[in-house]
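Take a look at the structure set out below.
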Amino acid sequence: MALLQISEPGMSAAPHQHRLAVGIDLGTTNSLVATVRSGSAVCLADEAGRKTLPSVVRYTENGGIEVGAQALKAQKTDPLNTISSAKRLIGRTLHDLKQEAHYLPYRFGQNERVIELNTRQGNKTPIEVSAEILKTLKSRAEATLGGDLVGAVITVPAYFDDAQRQATKDAAKLAGLKVLRLLNEPTAAAIAYGLDNASEGTFVVYDLGGGTFDVSVLQLTKGLFEVKATGGNSALGGDDFDHRLFCHLLEQNGLSKLNEQDSQLLLALARSAKETLTLETQAHIQAELSDGLTIDTLISRSEFHNLTQHLVQKTIEPVKQALKDAGVGKADIQGVIMVGGSTRMLHVQQTVAAFFGQTPLNNLNPDEVVALGAAVQANVLAGNKADGEWLLLDVTPLSLGLETYGGLVEKIIPRNSTLPTARAQDFTTFKDGQTAMTIHVLQGERELVSDCRSLAKFTLRGIPPMVAGAARIRVTFQVDADGLLSVSAQEQSTGVQTQIEVKPSYGLDDDTITQMLKDSMSHAAADMAARARAEAAVEAESLIAAIESALALDSDLLTEAEAAAIQHDIAALQQQVQQGDADTIRAAVAALSQSTDNFAAKRMNRNIQRALTGQSIDNI
Ligand code: ADP
Ligand code: MG
């Protein structure tokens, strides 16, 4: 069957002797590369012994490119040419960013399909920026491991949609890296823990990074990882803790506004004080600002916790929602996996422990755990492991469906379906003699097309002319293990099928997804009314069409008064279709059916007589 391929053809490696494969955590703030050596996963360090690579890329004056710590240092002095957090922009458009664009220190190009950042070396897309990070990690791995890589497993947030996943793959391609698989970050963390601890049961992955918070509910059984639900907040992370402490420093020192350079300096000091406070009970912040002012503040751990506890508390709401989505309670949770540098903070650990009533799992390094799990998976996919494969299952963040007659959405793959998944549903034609059908693929929870996100539209042609409702068009949705969607449509009696290549032009970010989910809940009642209305209208239109075609054939069966009554009821129904609600449309449908009862009976008699004409009674 011809499939509407959005994804690249899947890649699975043939068994081989030991092949070099890596796992890459391409983070918003930091990125890491890991591999399996002598049976255990390890993160690889650069020449200076550093494992985390800040996800920052700088385009320098002499045409060079700096990646990592060096670029991060230049961020204060060269902000326009130093790109950080490209992951927030990848696979999205300026339109998706909306207000967010104003808070970012970049000059954006006017391209509508892909975000472009003006740098001194020309326009750069987030894909190119991410490719530089991947290139750096690739060469680090090749230098350390002494050979060419066969491929990499790259992790992405569970929320990433098609466009964001595709863009991540494009970045890998630009970096000359073969993608063995895209893997959801929480699943990678679970792999790391599942292997090390051989755990089973329902687990929560709590990932608080630099700028984002993600929570997932996972089901772990021997050799099988299944993501039951995901949630989070894309605008909450370690940066907010830095910022809170920074504001506190301003207050303490009676400052209201600083120049750009001073605030960057103070922010960096706030961050390192925050990190110090996970090990020490107090931190000393000293700085000399440009106008000669000095800052000298001692902050205790408990003061810092008081200042930022509300931020920690903000993570609990999405945790509750994810539990609800997964249909589990706190008591069902066998373990909580802590991921992300910000989970080093003690009040984060304590708050999570108090909420779940148990000490979180944190014996693996929270910065490394995602990369380690990805490395384990890469090792399997590269064919280095003899004893079978893991089946990896993730979930779809939003429902996928089709537009049906009347502007309604028929959900084919519900939200939180386990991946990979495929589902088919049969549709039929609405009009007599209809030879083409438009397949409109949508993403979202709402009932009406206009409230969901359009992903693709294509047309199946060459349906043989039949009466309405006779054709069987099977539409198949497939979402692969990377979370990429393909759709096919085939008419069953003739085998006519359609094929189209669609690449989504923009993606959905976490906030949009969260918003769409919220909307679907708060609009449920209104949506139901709209659906009922649209269904009634569809029914009305098909009744009118059927009566009109019967009138064209057999109107001689009616008296003038009968014909006038039917015309009157048709007009009344048409008016309700325009203006009425579900109930009034249904009432008008009932009235029209009633006034045509007699006509239908007469037609039936005539048809029977026609059928009998010329046949002997014995043949009946
Ligand atoms: P991401 O997944 O967003 O790339 P990371 O998981 O690497 O991010 O987390 C980065 C965040 O972790 C930063 O905000 C950093 O300040 C914070 N962090 C790292 N180490 C510590 C620490 N010891 N104490 C508190 N926060 C820390
Ligand atoms: Mg991370």
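Every number for a ligand or one of its atoms is a count from 1 in the order of the listing.
- Counting the atoms of ligand 1 from 1 in the order shown, those under 4.0 Å from a heavy atom of Gly340 are 6 (O).
- A side-chain donor-acceptor contact under 3.5 Å links Thr297 and Asn253.
- Heavy atoms of Ser342 approach ligand 1 to within less than 4.0 angstrom.
- The heavy atom nearest to atom 16 (O) of ligand 1, considering only Glu185, Arg271, Glu275, is found in Glu275.
- Residue-to-ligand polar distances place Thr28 within reach of ligand 1: an N/O pair is separated by less than 3.5 Å.
- Between Glu128 and Thr125, the side chains place a donor N or O and an acceptor N or O closer than 3.5 Å (distance only, hydrogens not considered).
- Proximity of a side-chain donor or acceptor of Arg88 to a complementary backbone N or O of Gly211 within less than 3.5 Å is detected.
- Every atom of ligand 1 with a heavy atom of Gly238 under 4.0 Å away is listed here by number and element: 14 (O).
- Judged by distance alone, the side chains of Glu185 and Ser216 never bring a donor and an acceptor atom under 3.5 Å apart.
- Nearest protein heavy-atom neighbour of atom 24 (N) of ligand 1: Thr278 CG2, 3.0 Å.
- Contacts with ligand 1 closer than 4.0 Å are made by side-chain heavy atoms of Arg344 only, the backbone lying farther away.
- At a threshold of 4.5 Å between non-hydrogen side-chain atoms, the residues Leu311 and Leu236 count as touching.
- Ring pair Phe213/Tyr206: centre-to-centre distance below 6.0 Å.
- You'll find the ring centres of Phe304 and His248 outside the 6.0 Å limit.
- Under 4.0 angstrom from ligand 1, the non-hydrogen atoms of Thr29 come from both its backbone and its side chain.
- Of the protein's non-hydrogen atoms, the one nearest atom 5 (P) of ligand 1 is Gly341 N, 3.7 Å.
- Protein heavy atom nearest atom 2 (O) of ligand 1, with residue, atom name and distance: Gly209 CA, 4.1 Å.
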Q.
Using the rule given for side-chain contact (heavy atoms from CB on, under 4.5 Å), can you reason through Leu26 versus Val156, listing the C-alpha separation, both sets of side-chain angles and the distance that settles it, and then say yes or no?
A. CA-CA 7 Å; Leu26 184 59; Val156 290; over 6 Å; no

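- Near Gly27, with a cut-off below 4.0 Å to any heavy atom, the atoms of ligand 1 are 4 (O).
- For atom 25 (C) of ligand 1, the nearest protein heavy atom (residue, atom name, distance) is Met345 CG, 3.5 Å.
- Summary of contacts: the protein heavy atom closest to atom 7 (O) of ligand 1 is Asn30 ND2, 2.9 Å.
- Side-chain contact, Glu260 with Gln264: a donor N or O sits under 3.5 Å from an acceptor N or O.
- When each atom of ligand 1 is checked for a heavy atom of Gly210 under 4.0 Å away, the hits are 1 (P), 3 (O), 8 (O), 9 (O), 10 (C), 11 (C), 13 (C), 14 (O).
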